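For reference, the structure is listed below as structure tokens.
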Amino acid sequence: MIKELIDLQRNSKATCVIIENVDSEKLTPTVSMKANVSDNFLFAGNKPPFADKIDEKCGKNKLCYFIIKDIDQISIEQQNRYVGLVKDREMNGYYLPSNCIIVFTVQDRHALKKISQELYHFAVVAF
């Protein structure tokens, strides 16, 4: 994992980082969730369920990481649910703080082939 490259994405619009699953534990402070959550989980209510946790972590720290784990384990269609989050930094009316870096994890280097082209277009691979 190239931590310096990840941290350079701070305050950048329309970008995300891809790292290996094992490296996600080296980032702090984090808010994490599995990529395979249901649409009901993501889009229920007035704001996403992760919003309060991100606001809390990012409000207390210079930098925080929103980790979405195992993006390579879900279908292309499901991956594309996250394109708006990356591109616009918005989901269900909630805007990510500028000091929050979006991080997707994959099993290994070979799993990059399984990433949606739309999502990969905005990605920085940091391993």
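The structure displayed is predicted, hence computed values, not measured ones.
Here the shortest heavy-atom pairing between A35 and Y82 reads O-OH, 2.8 Å. Taking every heavy atom of both residues into account, C100 and L96 meet most closely at SG-CD2, 4.2 Å. Shortest non-hydrogen contact noted between I102 and V86 is CD1-CA, 3.9 Å. Of all the heavy atoms in Q73 and Q107, the pair that sits closest is NE2-CB, 4.5 Å. Considering every non-hydrogen atom in both D70 and K34, the closest pair reads OD2-NZ, 2.7 Å. Between F127 and L112 the shortest heavy-atom distance is CZ-CD1, 4.0 Å.
Between the N36 side chain and the I74 main chain, no donor and acceptor come within less than 3.5 Å of each other. Between the side chain of R89 and the backbone N or O of P97 there is at least one donor-acceptor pair closer than 3.5 Å. Side chain of E90 to backbone of N92: a donor-acceptor contact under 3.5 angstrom is found.
Scanning for side-chain hydrogen bond (donor to acceptor under 3.5 Å, both in side chains) contacts around S98 gives N11, with sequence neighbours left out. Checked against salt bridge (Lys or Arg N to Asp or Glu O under 4.0 Å), R81 has the following partners two or more places apart in sequence or in another chain: D39.
With values rounded to the nearest 0.5 angstrom, N99 atom CG is found 10.5 Å from I54 atom CD1. T30 contributes atom OG1, which lies 7.5 Å from atom NZ of K69 (distance to the nearest 0.5 angstrom). Once rounded to the nearest 0.5 Å, the distance linking CG of N80 with CD of E77 reads 8.0 Å. From R10, atom CZ reaches atom CD1 of I101 across 8.0 Å, with rounding to the nearest 0.5 Å.
Residue pairs meeting the ring pair (Phe, Tyr, Trp, His ring centres under 6.0 Å) criterion with at least one member in residues 18-50, sequence neighbours excluded, are F50-F66.
Around the OH atom of Y120, the shell of radius 6.0 Å holds no more than 12 heavy atoms that belong to other residues, nucleotides or ligands. For K13, the NZ atom is densely surrounded, since the number of other residues' heavy atoms within 6.0 Å is greater than 12.
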